[in-house]
Structures are given as C-alpha cells and as structure tokens.
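Working notes, beginning with the structure itself.
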Amino acid sequence: AAMIDMRLSQPRANPVKISFCYRVLVKGKSYRGVNRKLSGQTETGDCGHHSALVIGQRFNKKSGKCQLLVRNSFGKFCGYSTDWECEKDKGNIWVDQDALTANIYGISYIQ
C-alpha cells in the first residue's frame with residue numbers, strides 16, 4: 001500500500017498495474033482471496049485472478065477510508081459490490097485501499 005501511495009502521489013503519476021483477486025470487487029470489503037503467511041502467500045480457490053490499473057487515490061470523508069481508483073478492462077461494466085462506487089460513464093471503480101491491497105498478489109510500476 002505504501003508503494004502505491006508513493007507512486008500515485010507523484011506529480012503526473014503513472015498508473016500502477018496490480019494482479020489481484022477479482023472477487024473483492026464483486027463480494028465486497030470483507031472478501032479475502034490471498035492468505036499471507038510467514039512462508040509465503042497462497043490464493044483461495046475462488047480468487048478470480050485478474051489484472052487492472054490503479055489510476056488514482058482519494059480520502060472518502062463519508063467512509064473515513066483511503067480509496068484507490070481502479071480502471072478495469074471490462075469497459076463500462078458496473079456490476080460490482082455495493083461497497084464500491086463505480087464511475088458508470090467510465091467503468092472505473094473506487095475501492096477501499098485496505099480491502100484491495102489485502103487481495104493483491106502482484107504489483108508492476110509503469111515508468
């Protein structure tokens with residue numbers, strides 16, 4: 001999370017590519033698809049492996065949480081959990097940072 005914050009807070013920041021368990025978008029903030037252990041991490045059977053770009057961040061005053069703006073590859077699709085706010089005209093989705101980062105298993109930084 002700290003590296004994503006650092007990258008996105010830069011002037012003219014580039015997006016951050018994440019590999020994550022897609023089900024967090026559908027099942028909501030309580031979903032955990034990555035089990036982190038001292039010896040490594042494993043994914044649950046229903047993870048739904050996926051990649052997307054994180055293109056922004058904000059503090060949501062209503063929820064009191066930091067959120068990340070995910071640009072998904074599904075176009076204007078907005079059939080996500082009601083825990084998240086979808087930008088219907090763009091298909092982007094605001095997701096609580098703690099819920100999303102708990103489901104990330106890979107990060108790539110675009111230069």
Side-chain angles (χ1 to χ4, degrees):
M3 289 300 292
I4 293 173
D5 286 342
M6 185 185 80
R7 290 288 183 152
L8 293 177
S9 65
Q10 300 295 318
R12 298 180 350 168
N14 286 328
V16 177
K17 178 190 167 276
I18 58 170
S19 298
F20 67 107
C21 294
Y22 170 79
R23 300 267 189 262
V24 68
L25 299 180
V26 178
K27 293 188 177 187
K29 59 187 167 189
S30 63
Y31 178 78
R32 295 295 180 266
V34 176
N35 297 318
R36 289 179 170 80
K37 300 177 182 177
L38 291 177
S39 61
Q41 63 186 30
T42 59
E43 293 85 30
T44 62
D46 71 339
C47 174
H49 298 284
H50 191 59
S51 293
L53 295 176
V54 177
I55 60 170
Q57 62 183 3
R58 72 178 183 189
F59 181 77
N60 185 318
K61 292 178 185 176
K62 183 177 176 183
S63 70
K65 301 226 178 215
C66 183
Q67 294 184 315
L68 298 174
L69 184 59
V70 176
R71 175 163 292 157
N72 208 344
S73 58
F74 297 154
K76 295 181 180 181
F77 175 79
C78 279
Y80 302 109
S81 167
T82 56
D83 288 344
W84 316 132
E85 178 187 339
C86 186
E87 295 180 342
K88 293 180 182 176
D89 58 329
K90 299 176 184 174
N92 299 332
I93 182 169
W94 287 102
V95 181
D96 289 354
Q97 182 174 9
D98 56 350
L100 185 60
T101 57
N103 288 282
I104 292 175
Y105 55 85
I107 298 176
S108 299
Y109 302 106
I110 300 169
Q111 298 297 326

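We use all heavy atoms of the structure for the numbers below, so side chains are in, but hydrogens, waters and symmetry mates are not.
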**Report entry** Stepwise side chain to side chain contact (heavy atoms under 4.5 Å, CB included) test for I18 and L100
**Finding:** CA-CA 10 Å; I18 58 170; L100 185 60; 3.9 Å; yes
Query raised in the report: How far apart are the C-alpha atoms of L25 and N72, what are their side-chain angles, what is the distance that settles it, and do they pass the side chain to side chain contact (heavy atoms under 4.5 Å, CB included) test?
Result: CA-CA 10 Å; L25 299 180; N72 208 344; 3.7 Å; yes
Query raised in the report: Is there a side chain to side chain contact (heavy atoms under 4.5 Å, CB included) between H50 and S73 once you walk through the steps?
Result: CA-CA 10 Å; H50 191 59; S73 58; 3.6 Å; yes
Query raised in the report: Would Y105 and C47 satisfy side chain to side chain contact (heavy atoms under 4.5 Å, CB included), going step by step from the backbone distance to the final call?
Result: CA-CA 11 Å; Y105 55 85; C47 174; 4.2 Å; yes
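A side-chain contact (heavy atoms from CB on, under 4.5 Å) with L69 is found for one member of V95, I55, I93 and no other, namely I55.
Counting heavy atoms of neighbouring residues, nucleotides and ligands inside a 6.0 Å radius, atom CZ of R7 exceeds 12 of them.
Atom OG of residue S51 and atom NZ of residue K17 lie 3.5 Å apart, to the nearest 0.5 angstrom. Rounding to the nearest 0.5 Å gives a distance of 11.0 Å between NZ of K76 and NZ of K90. Separation of atoms CG (D5) and CD (Q97) is listed at 4.5 Å; rounding is to 0.5 Å. Interatomic distance, H49 NE2 to F20 CZ, rounded to the nearest 0.5 Å: 12.0 Å.
The heavy-atom pair separating A13 from L8 by the smallest distance is CB-O, 3.6 Å. Pairing each heavy atom of R32 with each of A99, the nearest pair is NH1-CA, 4.0 Å. Considering every non-hydrogen atom in both S81 and V26, the closest pair reads CB-O, 3.3 Å. Listed here is the closest heavy atom pair of I104 and I107: CG2-CG1, 3.7 Å.
Side chain of N60 to main chain of S63: a donor-acceptor pair is present (N/O by atom type, distance under 3.5 Å, no hydrogens or angles).
A salt bridge links E85 with R58: the distance from a Lys NZ or Arg NE/NH1/NH2 to an Asp or Glu carboxylate oxygen falls below 4.0 Å.
Residues D83 and D96 have side chains not in contact (no heavy-atom distance under 4.5 Å, counting atoms from C-beta outward).
For the residue pair W94 / E87, a side-chain donor-acceptor distance below 3.5 Å is found, with atom types taken as modelled.
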